[in-house]
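Numbering of ligands and ligand atoms starts at 1, following listing order.
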Amino acid sequence: MQDSFRHQGLRKKLVEELIQKGINDQQVLDAISEVPRHLFFFDTAFLNFAYADQAFPIGSGQTISQPYTVAFQTSLLQPKKREKVLEIGTGSGYQTAVLAKLGVKVFSIERQHDLHLKATALLDELRIKARCFYGDGYKGKPAYAPFDKVLITCGAPFIPEDLKAQLKVGGRMVIPVGESQGVQKMMTVDKLSENEFEVSEHGDFQFVPMLESTERSK
Ligand code: SAH
């Protein structure tokens, strides 16, 4: 399936809707207008809704995030060109693609093998550069740390220590924190020094849960 003028028109409408909802970061809006979200719908039953501002199932019990949520989280992250960004929860790869369009170096982890394979294949096909890993997001990616930014796209029960440790001093984490079946608070965690963090809240959101892997020792 290809991109078309119709899809581009639908994306333009989506961007207008996001502006009305308060998104004003032009770079983020440009990235959203460039990424063909309809190609990230692994469950084609929902294809007609690809440019509705909603989350939809992508298989393996997971969802592609709502465009507003992607735009909001990306705006909070304030990514700058060439920064190293760690994403937890590749899912469809849509958020990964939006980050890549912003010119950052993306490292993304997914714990569902099937989704990891599908997202990696799709990003390759679209020639979108990102390094995707199959693994447990709670552990981060120490081999590539430290990261300028860390973005969590699933609802975390707490702020994982390993991810705080892998953040650069001066860096920022964006993470929805709350109970797995309920509502999460969007939080920014700014690393002020090796052991000082400033946490701020940015409203309520709903994500699929960040699941702990069974071999996790804690
Ligand atoms: N960024 C994605 C959102 C997918 S939903 C998109 O734009 O489509 C969140 C994803 O987080 C799911 O695919 C889920 O499998 C994954 N996830 C949940 N717990 C995780 C963990 N501990 N480590 C890595 N990925 C995790």
Out of curiosity, is T90 lining ligand 1, as in a heavy atom under 4.0 Å away? yes

Ligand-side contact atoms (ligand 1) for residue partner L115, heavy atom cut-off under 4.0 Å: 13 (O)

Please identify which atoms of ligand 1 are closer than 4.0 Å to at least one heavy atom of D136. 22 (N), 23 (N)

With ring centroids as reference points, do F72 and F205 lie under 6.0 angstrom apart? yes

Can you list the atoms of ligand 1 that are under 4.0 Å from a heavy atom of E87? 1 (N)

Same cluster or not: Y144 versus L167, using hydrophobic residues (I, L, V, M, F, W, Y) connected whenever any side-chain heavy atoms lie under 4.5 Å apart? yes

Provide the number and element of each atom of ligand 1 under 4.0 Å from a heavy atom of I109. 24 (C), 25 (N)

G91: numbered ligand 1 atoms lying under 4.0 Å from its heavy atoms: 4 (C), 13 (O)

Just how far is it from atom CE of M173 to atom CD1 of I152, taken to the nearest 0.5 Å? 5.0 Å

Out of S92, G93, C154, who gets a non-hydrogen atom closest to atom 8 (O) of ligand 1? S92

Give the contacting part of Q62 toward ligand 1: side chain, backbone, both or neither, where contact means a heavy-atom distance below 4.0 Å. side chain

Under 4.0 Å to a heavy atom of T63 - the qualifying atoms of ligand 1, by number: 3 (C), 4 (C), 5 (S), 8 (O)

Polar contacts were defined as any N/O atom of the residue lying under 3.5 Å from an N/O atom of the ligand; does this apply to L211 and ligand 1? yes

E17 and K13 ion-paired at < 4.0 Å: no

Between V208 and ligand 1, which residue portion shows a heavy-atom distance shorter than 4.0 Å: side chain, backbone, both, or neither? side chain

Could K149 and E83 be called an ion pair, given the rule that one side-chain N must be under 4.0 Å from one carboxylate O? yes

Check whether any N or O atom of Q112, backbone or side chain, sits under 3.5 Å from an N or O atom of ligand 1, and answer yes or no. no

Is it true that D190 and R172 have a side-chain N and a carboxylate O under 4.0 angstrom from each other? yes

May I have the step-by-step check of salt bridge (charged side-chain N to carboxylate O under 4.0 Å, His left out) for K129 and D124, ending in yes or no? CA-CA 7 Å; K129 239 177 109 185; D124 274 358; over 6 Å; no

Give the single entry among G137, P209, G89 that approaches atom 18 (C) of ligand 1 most closely by any heavy atom. P209

Using a strict cut-off of 4.0 Å, indicate which atoms of ligand 1 neighbour a heavy atom of Y138. 22 (N)

If you measure from NZ on K105 to NZ on K81, what distance do you get to the nearest 0.5 Å? 13.0 Å

Qualifying residue for side-chain hydrogen bond (donor to acceptor under 3.5 Å, both in side chains) with Q95, from T69, T153, T74: T74

